[in-house]
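First listed ligand is number 1; within each ligand, the first listed atom is number 1.
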Amino acid sequence: MSIIRNGSLANAGLEKINWVKEHMPVLNELANDFSRNKPFSGLRVAICLHLEAKTAYMALVLREAGANVTITGSNPLSTQDEIAAALVKEGVEVFAWHNATLKEYEEHVYKTAARGPHLIIDDGGDLISLIHKKFPQFLAQVYGGAEETTTGLIRLRAMEKAGVLSFPVMAVNDALCKYLFDNRYGTGQSVWDGIMRATNLVVAGKNVVVLGYGWCGKGVAMRASGLGSRVIVCEVNPVKALEAHMDGHQVMPLIQAAAIGDIFITVTGCSGVITGKHFAAMKDKAILANAGHFDIEIDKKHLNAGDGPRRVRSNVDEYVLAGGKRIFLLSEGRLVNLAAADGHPAEIMDMSFGLQVLSLHYLLNNKGTLGKKVIAMPPELDRQVALLKLKGLQLEIDELSKEQKEYMDSWELEGHEA
Ligand code: NAI
């Protein structure tokens with residue numbers, strides 16, 4: 001039996017799902033194929049992802065492909081109650097509601113794990129690690145899992161290294177059709193969508209400090225420039241710092257940036273990135289947001305030591321520090337693009353979730369042969385998703401001729417240098 005907030009919201013949720021479906025050609029193609037063959041017939045699939053419309057559509061595609069699907073949210077603030085209601089109406093089992101307490105959230109993930117899945121889709125590694133900790137009796141029956149994000153892969157690789165990972169997990173995050181588009185363009189756009197919806201303030205002319213210049217940080221910084229702000233990047237990796245510099249951004253340590261920034265966005269996957277000494281250096285009315293997976297990048301405990309928080313607007317908390325300085329924290333320091341907006345655009349998640357569905361199919365077809373480790377996305381699946389996406393966009397590309405292929409494969413290169 002599902003656990004959701006309000007079943008009467010189902011129609012509003014279905015409207016949202018129908019909208020994204022129109023913009024997800026890769027999933028639509030896979031749905032056509034798999035609803036005929038039903039490759040997941042009789043199998044239990046457990047999903048722990050941000051529970052909004054795109055995720056819901058993927059869950060429905062898997063159900064059409066024969067799976068019994070159970071789903072929970074990977075973040076209490078990103079769960080949308082109308083989407084949960086719509087899924088239940090469509091025959092998917094759901095354990096999730098918006099703004100669940102930590103205890104409720106853990107219970108929802110627990111109930112999802114307790115279904116004893118054959119295949120798992122995870123975002124952040126919570127579901128897979130819980131199955132290992134609390135349900136050892138299920139481990140042998142799991143064909144494999146697929147992990148959506150950078151932070152989850154770090155945890156899963158640690159499990160592999162410690163020798164405790166009990167089944168193969170596909171590194172969906174590391175696929176080209178994932179991070180080049182989802183982390184960069186998806187996060188880049190939706191983080192600004194979240195910040196602008198939460199604050200309704202102008203971005204142009206402001207000093208925006210981006211912490212972490214990985215794939216997500218690059219997207220956030222690129223879109224900040226496009227909106228007319230001056231971008232400052234703080235990094236710990238010298239290569240990424242140099243890349244930010246060559247991309248035209250200012251690079252400096254956070255303690256310097258703290259004094260001049262108007263908006264700060266953490267997207268590192270690391271903990272304790274913005275902390276007490278930085279708050280102390282900030283200007284009055286500095287705005288802080290996080291887009292990294294967990295709400296650990298901005299030191300909320302230290303903020304709490306002052307006065308506050310006081311909710312001044314939906315998704316905006318005011319903290320008053322010593323001397324009366326105000327700091328505004330968006331979405332309680334959780335993923336701002338999912339808590340204050342609807343996450344990545346549907347066209348982007350089309351590719352990420354196309355990879356997820358194909359990963360489960362691959363894990364099923366290769367069960368017992370992949371080892372107990374994090375495995376790389378087979379290049380042919382990346383290529384399949386890219387081709388389906390190009391088809392959906394009605395874009396055609398050239399192909400190598402036979403002669404060109406031979407030339408590219410040959411080590412005896414012919415031609416004249418300069
Ligand atoms: P990445 O590994 O490509 O980049 C992270 C960057 O942060 C690296 O360049 C690293 O050197 C830097 N970094 C680490 N600690 C730092 C510190 N203390 N100060 C400054 N820089 C630091 O990772 P990616 O893919 O960019 O993901 C970043 C985070 O965002 C992860 O937690 C990931 O799970 C999450 N994510 C969030 C999404 C969203 O929708 N908001 C979407 C995809 C990923």
Side-chain angles (χ1 to χ4, degrees), residues 48-50 52 54-55 73-75 77-78 122-126 147-157 171-195 209-223 232-245 247 249 251-258 261 264-275 277-278 289-299 330-331 333-346 348-349 351-353 355-356:
C48 179
L49 284 173
H50 298 289
E52 44 70 60
K54 284 90 70 181
T55 306
S74 57
N75 181 318
L77 285 188
S78 63
D122 211 352
D123 184 331
D126 282 356
E147 169 56 46
E148 175 74 4
T149 200
T150 315
T151 288
L153 284 178
I154 292 170
R155 293 174 83 189
L156 291 162
R157 288 194 171 109
V172 174
N173 179 73
D174 293 354
L176 293 170
C177 280
K178 188 346 180 128
Y179 68 79
L180 287 179
F181 306 102
D182 175 314
N183 298 35
R184 182 167 45 168
Y185 295 102
T187 313
Q189 178 170 321
S190 61
V191 159
W192 287 106
D193 188 8
I195 292 173
V209 182
V210 178
L211 295 115
Y213 203 66
W215 287 104
C216 293
K218 280 192 243 297
V220 173
M222 176 170 59
R223 291 295 173 247
I232 300 165
V233 170
C234 303
E235 250 295 346
V236 291
N237 177 323
V239 178
K240 302 284 177 73
L242 205 50
E243 195 184 4
H245 169 72
D247 284 346
H249 308 307
V251 175
M252 63 182 77
L254 176 56
I255 196 66
Q256 283 173 29
F264 296 80
I265 303 153
T266 50
V267 66
T268 68
C270 182
S271 74
V273 181
I274 305 186
T275 185
K277 61 182 182 209
H278 307 118
N290 170 52
H293 187 79
F294 289 117
D295 60 342
I296 46 159
E297 307 210 9
I298 299 169
D299 183 358
L330 308 190
S331 305
R334 297 175 201 273
L335 295 157
V336 70
N337 55 329
L338 282 138
D342 289 315
H344 296 356
I348 299 279
M349 294 317 292
M351 287 184 274
S352 305
F353 288 163
L355 287 164
Q356 287 286 5

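Here the side chains of His293 and Thr150 are not in contact, with every heavy-atom distance at 4.5 Å or above. Counting heavy atoms from C-beta outward, Val220 and Trp192 have side chains that approach closer than 4.5 Å. Looking only at side-chain heavy atoms (C-beta outward), Asn183 and Lys218 stay at 4.5 Å or farther from each other. Using a 4.5 Å cut-off on side-chain heavy atoms (C-beta onward), Asn337 and His344 make contact. The shortest distance between side-chain heavy atoms of Leu338 and Leu77 does not fall below 4.5 Å.
At a cut-off of 3.5 Å, with distance as the only test, a side-chain donor of Asn290 or Thr266 sits close to an acceptor on the other residue.
In Thr151, the parts holding a heavy atom less than 4.0 Å from any atom of ligand 1 are both the side chain and the backbone. With a 4.0 Å cut-off on non-hydrogen atoms, Val236 touches ligand 1 through its backbone as well as its side chain. Heavy atoms from both the backbone and the side chain of His293 come within less than 4.0 Å of ligand 1.
Close N/O approach between Thr149 and ligand 1 is found [any backbone or side-chain N/O within under 3.5 Å]. For the pair Val273 and ligand 1, the shortest N or O to N or O distance does not fall below 3.5 Å. Remark: ligand 1 and Asn173 share no N or O pair separated by less than 3.5 Å (distance only, no angle test).
Looking only at protein heavy atoms, the nearest one to atom 40 (O) of ligand 1 is Asn337 ND2, 2.8 Å. At the top of the distance list for atom 20 (C) of ligand 1, counting protein heavy atoms only, stands Cys234 O, 3.6 Å. Protein heavy atom in closest approach to atom 4 (O) of ligand 1: Gly214 CA, 3.1 Å. Closest to atom 42 (C) of ligand 1, if we only count protein heavy atoms, is Thr187 OG1, 3.4 Å. Shortest contact from atom 8 (C) of ligand 1 to any protein heavy atom: Glu235 OE2, 3.4 Å. Annotation: atom 23 (O) of ligand 1 to nearest protein heavy atom, Thr150 CG2, 3.6 Å. Scanning the protein heavy atoms around atom 26 (O) of ligand 1, the nearest turns out to be Cys216 N, 2.9 Å. For atom 37 (C) of ligand 1, the closest non-hydrogen atom of the protein is Ala291 O, 3.1 Å.
Taking every heavy atom of both residues into account, Glu147 and Gly125 meet most closely at OE1-N, 3.1 Å.
Distances shorter than 4.0 angstrom do not occur between any heavy atom of Tyr179 and any atom of ligand 1. Using a 4.0 Å heavy-atom cutoff, His344 is listed among the residues neighbouring ligand 1.
Below 4.0 Å from some heavy atom of Cys270 lie the following atoms of ligand 1, by number and element: 15 (N), 18 (N). Residue Lys240 has at least one heavy-atom neighbour below 4.0 Å for each of these atoms of ligand 1: 9 (O).
The aromatic ring centroids of Tyr213 and His249 lie less than 6.0 Å from each other.
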Determine, stepwise, if the pair Lys54 / Asp342 fulfils salt bridge (charged side-chain N to carboxylate O under 4.0 Å, His left out). CA-CA 9 Å; Lys54 284 90 70 181; Asp342 289 315; over 6 Å; no
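Considering Val273, Ile274, Leu254 as possible partners of Cys234, the one that fulfils the side chain to side chain contact (heavy atoms under 4.5 Å, CB included) test is Leu254.
Atom NZ of residue Lys178 and atom OG of residue Ser352 lie 5.5 Å apart, to the nearest 0.5 angstrom.
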